[in-house]
Amino acid sequence: MNDFSLMVSREIDHAEWRWVFVCSIALLVLITIPFVWAYGVGGSEARFMGVLVNPIDGASYQAKMRLGVEGSWLFYLPYTPELHDGVFLFTFYLAMGHLARILSLPVITVFHAVRLVGAVLMFFAIYRFVSDWTSSVEQRRLAWSLAVLGAGLGWLAIVFGISSPDLLAIPEAFPLQAAYANAHFPWAIAAGMLVAHVLVVKCAAEDDAVPALDIETVGLAAATVFLVTTSPFMLLPIGLGFGAMLAWLIWRRRELPRRELAWGSVVLVFGLPFAAYSLWIMTRGNPAINAWMEQNVTPSPPVWDYLIAFGPLLALGVPGIWASRRKVEAVDVFLLGWLVSGALLLYAPLSLQRRFTMGLIVPLAVYAGRGLWRVILPKIAERRRGLVIALTFAVFMPTLVIALVAPMFGSLNMKAKGGGHYYLAQAEVEAAQWLERNARGAVVLASPELSMYLPAYGLRVVYGHPMETIRAEERKQAVAAFYEGTDCTVVQDEPVQYVVVGPRERKLAQGSMCPVRGEEVYHSPDGGEVVIYAALGY
């Protein structure tokens, strides 16, 4: 029996799981405090819209859930005025919307509940995976802590005057930030960890067990389908790492590794059809979705940003990799292949490069844990090892703290300036609710900031999202021109049914807004802070 088999054959006892559970709850409390604070700051005058990290996308998640609330299992773009066919995408958020409807709960309540449950599953799945690589409980806990709490040297870059959001917060890359950002990141990371764990354990086992109708096979298939339909970016580097392992086995054995191929085929059989459908829809199958994907670009930052963001773990991981070179097993090739292929995909000629950071910190943390526990600490006096571990975490913890705290103060600053992307005035909420009751599905012209949240109330907008509005920049300028009074043609060019004039719109207008031709159908009870017109006669 090789060393790795000894590792994966050791069960995790109840005391270990209790430790993970307690730590997970503590982390959930930590990332919940900022949300409680943000809701409290709004008071009775403004409503916090529920998302602190990337609120623009946070609004779009709520809009997708709203489609589920209305009973749809097909997704369409509510941020663009043209009608188009729905497609089978974003089923995770659509399902959450159905759940909100069944439970009669606000979508944002379900959003946060699912987010926190996903965070716990992610923490447990990461511990299960890192435990596959060592029989030492202390090293498992160290690798898990590095994976979950890992962050970079962004705080140091700020000290030297270098400012870049990617140095502080890459939610796809860092699990605690993922749990802080949205609902699908932690669930996707948990699913990816399950896929990787089953492949590793089954391919390292000494028996000849092949896929069957058992919990491992069903779990592998289900996790694959979930990952492909929710956030497939983690699955590709895992698959490439698995492919590297198969190539290594063929070279070593001089024959096809049939058992390993059988387990890999589960991922292929259950993942490929959904991946092919998504690719077809996004590139050819639906003109509106095609146009959206042409705008949906998340490029990687410069390579030195990644080096700063992952610097501490890279510094620990290199000696861990070097120390493993003398006894390389197939699963080591898998882990290293996953890490290397993921790093290469960050600069592949693809539009969503940055998404490939998802989950990469876990294999890196395995090596970082090895480097710290097996290479560095043995060279240090035992009485000083605890201090070295504490200093290791102290190097990057300021970055993590800033990443969690900065959105709080950003939202407070935006609230002071009229709400920004974080808050709606109570009068705006009441106006949106009136439109929800009386004009559901209508196309509404409003300021870009207000339009960001109107689809969460079952409405469509002319412009509301930089990615999900087709011809986004053109329409954003047209909306601004209408309220600024420089070009009124947007109400002729678009199928506008209602026009909103509220504090944000008046701020854009500065007294020179285009005249609104239509019947006034709503004004705020307080005397007209928000007025809605039925756009007639254009």
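Atom set for the values below is all heavy atoms of this structure, side chains included, hydrogens, waters and symmetry mates excluded.
Defined by atom type and a distance below 3.5 Å, a donor-acceptor pair is missing between the side-chain atoms of Tyr79 and Ser60.
A donor-acceptor pair under 3.5 Å links the side-chain atoms of Thr399 to the main chain of Gly154, judged by distance alone. Looking only at distances, no side-chain donor or acceptor of His98 sits under 3.5 Å from a matching main-chain atom of Met65. In this structure, Ser324 contributes its side chain and Gly320 its backbone to a donor-acceptor pair below 3.5 Å. No donor-acceptor distance shorter than 3.5 angstrom exists from the side chain of Arg115 to the backbone of Ala183, with no hydrogens or angles considered. With hydrogens and angles disregarded, a donor-acceptor distance shorter than 3.5 Å links the side chain of Asn290 to the backbone of Asn286. For the pair Ser278 (side chain) and Phe274 (backbone), a donor-acceptor distance under 3.5 Å is present.
Here the two rings, on Phe174 and Phe310, have centers that are under 6.0 Å apart. Taking the six-membered ring for Trp, Tyr93 and Phe75 have ring centres at least 6.0 Å apart. A ring-centre distance under 6.0 Å is not found for Trp19 and Phe124. For Trp155 and Phe396, the gap between ring centers reaches or exceeds 6.0 Å. Taking the six-membered ring where the residue is Trp, the centroids of Tyr367 and Trp373 are separated by 6.0 Å or more. For Tyr39 and Tyr423, the ring centers sit 6.0 Å or farther from each other.
The shortest distance between side-chain heavy atoms of Leu404 and Ile31 falls below 4.5 Å. A 4.5 Å side-chain heavy-atom check between Arg141 and Val20 finds every atom pair outside the cut-off. With a 4.5 Å cut-off on side-chain heavy atoms, Tyr180 and Pro407 count as touching.
Considering all non-hydrogen atoms of both residues, Trp73 and Thr91 come closest at CZ3-O, 4.2 Å. The heavy-atom pair separating Leu235 from Val195 by the smallest distance is CD1-CG1, 4.2 Å.
Using bins of under 30°, 30° to 60° and over 60° for the plane-to-plane angle, the ring pair Phe226/Trp187 lands in the tilted bin.
Taking the centre and axis of the six-membered ring of Tyr453, the NZ or CZ atom of Arg47 falls outside the cone set by 45° and 6.0 Å.
Enclosure of atom OH in Tyr347 by more than 12 non-hydrogen atoms of other residues, nucleotides or ligands within 6.0 angstrom is indicated.
In this structure Phe111 satisfies the ring pair (Phe, Tyr, Trp, His ring centres under 6.0 Å) test with no other residue, sequence neighbours excluded. Phe88 meets the ring pair (Phe, Tyr, Trp, His ring centres under 6.0 Å) test with no other residue; sequence neighbours excluded.
Salt-bridge check for Asp332 with Arg370: passed, with a basic side-chain N closer than 4.0 Å to an acidic carboxylate O. For the pair Lys64 and Glu468, the salt-bridge criterion is met [side-chain N within less than 4.0 Å of a carboxylate O].
With Met122 as the partner, the side chain to side chain contact (heavy atoms under 4.5 Å, CB included) test is satisfied by one option alone out of Ile189, Val148, Val117: Ile189.
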